[in-house]
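Here the structure comes first, spelled out in structure tokens, and everything after it is commentary.
Throughout, protein chains are lettered first and strands after them, A, B, ... in sequence-line order, and every chain is numbered starting at 1. Just so it is clear, the structure is predicted and the values come from calculations on it, not from any experiment.
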Number of protein chains: 2
Amino acid sequence: MGKVPVFSSLSGQNLASVAALIRRREYPKGEILFAEGDRLDDLVIVNAGSVKAYTIAPDGREQILYVFSEGDFFGERNLFDGRTAPYTLQALEEVKTCAFSREDFRALIADHPDIALAVMEALQTRIARMENALRSIGVRSVDARVSALMLEFAEKYGKPVPEGVLIRLPLSREGMANYLGIARETVSRKLGQLEAEGVIRSISGKSLLILDREALRQSAGVLS
Amino acid sequence: MGKVPVFSSLSGQNLASVAALIRRREYPKGEILFAEGDRLDDLVIVNAGSVKAYTIAPDGREQILYVFSEGDFFGERNLFDGRTAPYTLQALEEVKTCAFSREDFRALIADHPDIALAVMEALQTRIARMENALRSIGVRSVDARVSALMLEFAEKYGKPVPEGVLIRLPLSREGMANYLGIARETVSRKLGQLEAEGVIRSISGKSLLILDREALRQSAGVLS
DNA sequence: CCTGATTTTTGATTTAAATCACAGCCTTTC
DNA sequence: GAAAGGCTGTGATTTAAATCAAAAATCAGG
């Protein structure tokens, strides 16, 4: 429990009192935790596994907004106004969560200003990531966005190995396409291109190896 | 001062003590408040006027990330890690600001949990807006994005008049293009199209009238 | 109020990525 | 372990928006 960043400031005794407030749950792969519009009063922290957050556009397209994994949380909007899930949350693999009620969490913040700061910091990190995403839209080249996604995955899911960084992809090609807002075929093509350039190496459908991180950084920066 | 949402919870006496901490400044139109990378230790609140926040991509493109106006703040990242401006901030018109040092603001939060909540709420609102922006990327049609921008402006800068909502645009066509990450010419064309459809009416270069808000909402939602 | 300069609009052409179409792969399941 | 189904890769074609190129409109300042 202490590994959740938001509570890292708590001492053992306080941790125990916090632990009394939480409700734990588990979900099998593919299960919908909450559908867009469902009532959602809690702040939910992901303890294990990963969750995709998406909306379905009226034309049927799925737009993935986040991939939450260990240590991430959602439902923070419920601390204030909204009381419904702003997007559908679905388990990408077996997932364990713990949840606080709105009231408990607000009380917790009032008692422990450090937690408020930690939550603000987490929100801030999220904003910084989204700012980056918006930046790379301006640089509207798809190459750049695919490279940026590889870097994001490397950071979140990568394991260093002698030749580079090994990534177990949390999303399928189609999932990546829906995350980036581009076509499935384009993801294939761009990934193929990166492999041809020796920047990555495909291990299996779901794993790949990053060989040249610097090249990714450069291409994520600009590129025509 | 009390009109700044972040401090709305403070009573008169507390307000006075807060007021003692702030440093006020004014900037003429066009002035750069902070350049990307500049040291920035403060949390800065915009009291009057509007400010654009942008970065220059390596290919020379300007990508506008935010247009801050009365009641908005920036520099919140400095409460935690960063201590430099993550983007350039430039006055779009005469601007008045007030600033707190990192230390003062952290102390303030410790004393007044309500302020922490208010800041979290403001961050949360920002995230919600960015989520919308990301959503409309998936729906990658440019029409949708232009419509969404008109709605955003209507909400932030619009004044109701008998025929509809009158907007004094804070950005030029080029500015809007840099905000949306599309070409200047495309903004012209799409705006012209909206006018031809009777959805908006151009008053002068810098003002326009929204006649059919519902049509905008619909087109911002999807549209092929 | 006129002049020059910047911004904006409009049209023609190019281009990157979407879409369409289909073949080969890899699972997953019975 | 074989068949069915969904995923993925590749080529051909279409399309929306970028770019290029002027012309028109707006604005600022004298």
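The listed nucleotides are dG9(D), dT19(C), dA18(D); the one nearest the side chain of Arg173(A) is dG9(D). Side chain of Lys206(B), nearest nucleotide from dT8(D), dT8(C), dA28(D): dA28(D). For Val142(B), the side-chain atoms get nearest to dA17(D) when compared with the rest of dA17(D), dT10(C), dC7(D).
Atom CD of Gln193(B) is separated from atom P of dT9(C) by 14 Å (rounded to the nearest Å). If you take CD of Glu174(A) and P of dC25(C), they are 21 Å apart, rounded to a whole angstrom. Atom CE of Met176(B) is separated from atom P of dT7(C) by 13 Å (rounded to the nearest Å). Rounded to a whole Å, the CG atom of Leu169(A) is 16 Å from the P atom of dC26(C). Distance Ile203(B) CD1 to dT8(C) P: 17 Å, rounded to the nearest Å. For the pair Lys190(A) NZ and dA16(C) C1', the interatomic distance rounds to 8 Å; values are reported in whole Å.
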Tell me which donor-acceptor pairs under 3.5 Å the side chains of residues 159-168 of chain A have, and how far apart each pair is, sequence neighbours excluded?
none

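Of the charged side-chain nitrogens involved, at least one lies within less than 4.0 Å of a carboxylate oxygen, so that Arg126(A) and Glu76(A) count as a salt-bridged pair. The pair Lys156(A)-Asp72(A) meets the salt-bridge criterion, with a side-chain N (NZ, NE, NH1 or NH2) lying under 4.0 Å from an Asp/Glu carboxylate O.
Defined by atom type and a distance below 3.5 Å, a donor-acceptor pair is present between the side-chain atoms of Tyr66(A) and Glu131(B).
The nearest heavy atom of DNA chain C to Gly192(B) and to Arg61(A) marks one nucleotide each, and the one closer to the 5' end goes with Gly192(B). Residue whose closest nucleotide on DNA chain C sits further toward the 5' end, between Leu191(B) and Arg189(A): Leu191(B).
Residue contacts shown for Ser204(A) are absent, as no nucleic acid heavy atom lies under 4.0 Å away.
The only option from Arg83(B), Arg23(B), Arg102(B) that meets the salt bridge (Lys or Arg N to Asp or Glu O under 4.0 Å) definition with Asp41(B) turns out to be Arg83(B).
Looking at residues two or more places apart in sequence or on another chain, you find a ring-ring contact (aromatic ring centres under 6.0 Å, His included) between Phe74(B) and Phe68(B).
Listed by residue number, Arg184(A), Glu185(A), Ser188(A) are the residues of residues 178-188 of chain A with a heavy-atom contact under 4.0 Å to DNA chain D.
Between the CZ atom of Phe73(B) and the CD1 atom of Ile45(B) there is a distance of 7.5 Å, given to the nearest 0.5 Å.
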